[in-house]
J.: 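Let me begin by handing over the structure; questions about it come next.
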Number of protein chains: 2
Amino acid sequence: MLPSSTVENYLKALYQAESSRTGKTLVPMGQLATAVGVAPGTATTMVKALAESGLVDYEPYVGVRLSSAGAKLAALVLRRHRLVEQFLVEVMGMSWAEVHEDAEQLEHVVSDRLVERMDAMLGHPSVDPHGDPIPTADGTIVAPDYGSLLTCPLTVTVTVTRVTDQDASFLRFLEKQDLKPGHALEVEARDSAADSVQLRTASGRQITIGTQAASKVLVQESS
Amino acid sequence: MLPSSTVENYLKALYQAESSRTGKTLVPMGQLATAVGVAPGTATTMVKALAESGLVDYEPYVGVRLSSAGAKLAALVLRRHRLVEQFLVEVMGMSWAEVHEDAEQLEHVVSDRLVERMDAMLGHPSVDPHGDPIPTADGTIVAPDYGSLLTCPLTVTVTVTRVTDQDASFLRFLEKQDLKPGHALEVEARDSAADSVQLRTASGRQITIGTQAASKVLVQESS
DNA sequence: CTTTATATTTTGAGTTGTCAAAACGAAACT
DNA sequence: AGTTTCGTTTTGACAACTCAAAATATAAAG
Ligand SMILES: [Mn+2]
Ligand SMILES: [Mn+2]
Ligand SMILES: [Mn+2]
Ligand SMILES: [Mn+2]
């Protein structure tokens with residue numbers, strides 16, 4: 001039985017929750033419920049069904065984790081989502097700020113045929129417009145472990161590699177400030193009292209953003 | 001409330017059932033149920049709900065017909081379906097024989113934004129790869145009323161304009177025989193005893209097909 | 001005008017996914 | 001330990017969609 005859109009959404013949310021988590025701790029129910037956008041009790045019910053199908057491991061009152069079968073399925077959903085986003089930007093000329101919602105629906109219906117065609121047309125990209133890594137067709141994912149504007153070294157040129165937030169207005173803001181993946185900049189200073197980070201772009205412009213925002217912009221030291 | 005995929009499928013099936021029907025007779029339940037692929041009782045239940053929502057007019061034991069609101073919605077589903085098919089063929093390079101299944105899913109999730117972008121990218125096509133007319137964004141549809149290989153004049157050059165069957169193997173057959181929309185040919189003879197129609201393509205090749213098949217190939221006299 | 005055949009509707013039940021609110025377990029405070 | 005707090009699970013209910021099979025209406029045939 002092929003997974004429903006609902007099941008795919010739970011697995012994908014779980015995959016992403018596990019990724020943004022230190023160690024191999026289980027994901028607590030509440031977090032999963034929030035991520036999926038559902039009441040806590042609903043998540044419990046669903047997770048029990050997923051455990052029954054062997055897609056997750058579930059420990060009552062502790063949390064839940066993807067099984068290897070579940071992880072593979074989740075990676076394939078993520079592959080579809082990200083290839084669709086890359087396609088919508090590169091081929092359809094849509095903005096990186098507005099493709100997420102479309103991909104959120106399309107990820108459940110694009111056929112393997114269509115996905116592989118998009119992949120080929122795009123030249124087998126390794127990342128999507130937000131820098132998120134695109135899993136391969138067999139469910140393998142290579143996710144370099146970048147630092148953020150909060151953790152990278154100061155006064156050193158870095159390149160934006162990934163943005164871990166899909167909020168359209170945030171993405172539009174980054175675009176306007178030349179902070180899309182690929183752009184170079186350096187972190188001039190951090191002020192924990194002011195809760196801010198001061199940046200200077202390649203063009204010399206200076207920008208100050210909050211630490212919450214800074215933590216969502218991942219970078220790599222320019223080589 | 002936006003219509004579910006299920007509702008969209010019922011409306012679309014009804015629209016198509018009405019089109020292939022002489023006069024403004026109501027569509028009988030059984031036919032709708034078959035078209036949607038559901039048990040008769042299921043169709044009855046659904047149609048009552050649709051009537052409640054004002055999308056159809058329902059006369060028990062007689063049949064059902066789209067209201068103007070229902071017809072408009074159906075036309076928009078058809079627009080999405082057909083634009084997607086055209087897109088998959090023209091942009092993605094897929095075969096006209098295999099796009100229907102993909103479109104059947106995509107028609108329910110492509111956003112207005114995406115649809116209009118595809119439409120623009122395709123140069124606002126008036127028909128899809130099968131010659132089916134593409135409704136405009138306001139739900140208007142212009143469907144010229146073509147004859148078929150069964151009804152067109154004999155020994156006169158005609159051009160294929162439309163194929164009213166989505167079966168992949170039938171479409172592959174037509175393609176191999178140069179009977180895709182746009183190709184010219186003439187009907188040499190019809191043999192009602194043999195239940196067959198004899199054609200000659202522009203390249204001079206002679207083909208004999210059954211009347212069932214012939215009725216599904218619509219043509220226009222070449223001007 | 002009856003009887004029979006056919007199409008349609010009703011009924012009863014099941015599946016999937018959801019919520020609100022009550023019950024409960026584990027952990028944190030006093 | 002006793003108690004409050006917080007997250008989690010259970011319970012009861014509901015919405016959307018579906019089927020099989022019984023009941024019924026309509027149409028056709030005798
Ligand atoms: Mn996304
Ligand atoms: Mn992305
Ligand atoms: Mn089609
Ligand atoms: Mn078509």
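We name chains A, B, ... by the order of the sequence lines, and we start the count at 1 in each one. The analysis underlying the following values was restricted to heavy atoms, covering all of them including side chains, and did not include hydrogens, waters or symmetry mates. Note that this is a predicted model, so its numbers are computed, not measured.
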J.: As a test of understanding, state which of B:Thr140, B:Asp128, B:Asp119, B:Asp138 forms a side chain to side chain donor-acceptor pair (under 3.5 Å) with B:Arg79.
T.: B:Asp119
J.: What's the shortest heavy-atom distance between B:Pro133 and B:Val142, and which atoms?
T.: CB-O, 3.4 Å
J.: Do any N or O atoms from the side chain of B:Glu18 and from the backbone of B:Leu66 form a donor-acceptor pair under 3.5 angstrom?
T.: yes
J.: Rounded to whole Å, please give me the gap between CD in B:Glu8 and P in D:dA16.
T.: 15 Å
J.: Please state whether the rings of A:His130 and A:Trp96 are parallel, tilted or perpendicular, taking 30° and 60° as the class boundaries.
T.: parallel
J.: Going by number, which of residues 40-50 of chain B have a non-hydrogen atom under 4.0 Å from DNA chain C?
T.: B:Pro40, B:Gly41, B:Thr44, B:Lys48
J.: I'd like to know if A:Glu101 pairs up with B:Arg113 as an ion pair, taking the criterion as any Lys NZ or Arg NE/NH1/NH2 lying under 4.0 Å from an Asp or Glu carboxylate oxygen.
T.: no
J.: Taking all non-hydrogen atoms of both residues into account, name the closest pair between A:Leu26 and A:Gly63 and its distance.
T.: CD1-O, 3.5 Å
J.: Please tell me whether A:Ser196 and A:Asp191 have a donor and an acceptor in their side chains that are separated by less than 3.5 angstrom.
T.: no
J.: Does B:Tyr10 place a side-chain N or O at less than 4.0 Å from the phosphate oxygens OP1/OP2 of D:dT18?
T.: yes
J.: Working to the nearest 0.5 angstrom, can you tell me the gap between B:Leu50 CG and B:Tyr10 OH?
T.: 8.0 Å
J.: Within this structure, what is the CE-to-C1' distance between A:Met1 and C:dT16, rounded to whole angstrom?
T.: 14 Å
J.: Looking at DNA chain C, which of residues 27-38 of chain A put a heavy atom within less than 4.0 Å of it?
T.: A:Val38
J.: Roughly, in whole Å, what's the span from OH in A:Tyr61 to P in C:dC24?
T.: 9 Å
J.: Measure CG/A:Asn9 against P/C:dT16 and give the value in whole Å, please.
T.: 17 Å
J.: Distance check needed: D:dG7 C1' versus A:Tyr58 OH, whole Å only.
T.: 12 Å
